[in-house]
Amino acid sequence: DKGAYDYFMLKEIHEQPKTIEETFRGRLQNDYSEIVLGGLLNVFPKIEAAKRIVIIGCGTSWHAGLIAEYLFEEYAQVSVEVEYASEFRYRKPVLSSDDVVILISQSGETADTLAALELAKSKGATVLGICNVVGSTLSRETEAGVYTHAGVEIGVASTKAFTAQVTVLTMIALKLAKRKGTISNETYKVLVKELAEIPEKGRAILDDGEKIKAIAEKYHEAVNALYLGRGYLFPVALEGALKLKEISYIHAEGYAAGEMKHGPIALVDNNLPVVVVAPQDDYYEKVVSNIQEVKARKGNVIAIVTEGDKGLKEMVNDVIEIPKSHPAVAPLLAVIPLQLLAYHIALLKGCNVDQPRNLAKSVTVE
Ligand code: M6R
């Protein structure tokens, strides 16, 4: 039931404050001083001992994996590889019983992800699942795992499942870091608190969501779009571009902002919308200079900025504000305006937002 919403996608975007909360409910305990992930209790010693963690998924689930790479490396100090399931399954990956493989899938039925799971198992690796659909093949075939509690996701474009995946991965990274002693108690507390505050901040973005409609009006006739971000927000740029292309059929590319001058800058002209995820974090100055490079070539910049950022407002064509947060949890907020932008643009183009052409919700064939 779509309730008051025109499309399931819009409903699911709006459910995110609740679904993120559902995903950490009961897991962030004792005034958020402890993270309890029952499903991983027995395998944590193995995860702790792992020299390397391999994360596998497709599409949006792969993007969640990319964010986890930053989290696991920064806080748990373990090296991470993130792989497309469709590539991994046909490579000759070097894996052994020392490795931990985390498979991410909303449906738990994606053919490539399940094939990657079998391959990892056959090499003796510890296989873990992050999955939304209870009782799905992935959840049955993995040794252990954590469910995302996003509820049923109907829109083909994944939204609330993504933020639930990122929530789970953040909890795993922090818990692992705590167990390994690679995070200070202070940073741990700060991050858990920041995670717990996401639902409220997400609500603030959604309450202001109508503004994004006006931005969509300006750009819905574009044929190409570029999405840029750095650090934790590079995967968010990829995810924003995927959302736009899958539901509005506008060709969109996500790029690490620092890579722009190695190719995509050639595309910039006054017809190109460039969506830049530019909150005030450690990369801010660098991202601002990337924005200047785009502006100097007459590109149209839509910037996702930290609330109250006046400087960027003057420099770019359009801004969408998000509440201030710690960089490690910023993807959970920054992705929301990108989902809404894709939604409104697709709507203006008359596309079937919930069921885009040529796509299936769950890709159970190769
Ligand atoms: O069910 P899964 O998470 O395994 O699905 C993976 C991809 O097929 C999925 O994320 C796809 O890219 C979405 N349509 C993106 O919005």
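All values reported here derive from a predicted model rather than from experimental measurement. In listed order, ligands and their atoms are each counted from 1.
Ion pairing between K18 and E21 fails under the 4.0 Å rule for side-chain N and carboxylate O. K160 has no carboxylate O lying under 4.0 Å from a charged side-chain N of E153, or vice versa, which leaves the two without a salt bridge. Residues D98 and K51 are not paired through a salt bridge, judged by the lack of any N-O separation under 4.0 Å between the basic side chain and the carboxylate. Between E83 and R91, at least one side-chain N (NZ, or NE/NH1/NH2) sits under 4.0 Å from a carboxylate O, which counts as a salt bridge. Under 4.0 Å is where a charged nitrogen must lie from a carboxylate oxygen, and between E217 and K213 no such pair does.
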Determine, step by step, whether H14 and Y5 satisfy the ring-ring contact (aromatic ring centres under 6.0 Å, His included) criterion, reporting the C-alpha distance in whole Å, the side-chain angles of both residues, the deciding distance to 0.1 Å, and the verdict. CA-CA 9 Å; H14 279 265; Y5 296 98; 5.2 Å; yes
Give the intermediate values and the outcome of side-chain hydrogen bond (donor to acceptor under 3.5 Å, both in side chains) for residues Y7 and E12. CA-CA 9 Å; Y7 285 93; E12 289 162 2; over 6 Å; no
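A heavy-atom separation below 4.0 Å is found between V156 and ligand 1. Ligand 1 is never approached by E109 to a heavy-atom distance shorter than 4.0 Å.
Only the side chain of K243 comes within 4.0 Å of ligand 1, counting heavy atoms alone; its backbone N, CA, C and O stay farther away.
Of all atoms in ligand 1, numbered sequentially from 1 with element shown, those under 4.0 Å from a heavy atom of S61 are 2 (P), 3 (O), 10 (O). The distance from ligand 1 to the heavy atoms of S107 drops below 4.0 Å at these ligand atoms: 1 (O), 2 (P), 4 (O). Distances below 4.0 Å separate heavy atoms of A157 from the following atoms of ligand 1: 16 (O).
Not a single N or O atom of T113, backbone or side chain, sits closer than 3.5 Å to an N or O atom of ligand 1. The N/O atoms of S105, backbone and side chain alike, include one that comes under 3.5 Å of an N/O atom in ligand 1. When only interatomic distances are considered, the shortest N/O to N/O separation between V363 and ligand 1 does not fall below 3.5 Å. On a distance-only criterion, E246 and ligand 1 share at least one N/O pair closer than 3.5 Å.
At the shortest separation from atom 12 (O) of ligand 1 among protein heavy atoms lies G59 CA, 3.3 Å. Residue, atom and distance of the protein heavy atom nearest to atom 5 (O) of ligand 1 are T110 OG1, 3.5 Å. Given atom 10 (O) of ligand 1, the protein heavy atom at minimum distance is T60 N, 3.1 Å. Protein heavy atom in closest approach to atom 6 (C) of ligand 1: C58 O, 3.3 Å.
Surrounding NZ of K180 are more than 12 heavy atoms belonging to other residues, nucleotides or ligands, all under 6.0 Å away.
Rounding to the nearest 0.5 angstrom, the gap separating the CZ atom in R25 from the NE2 atom in H149 is 10.5 Å.
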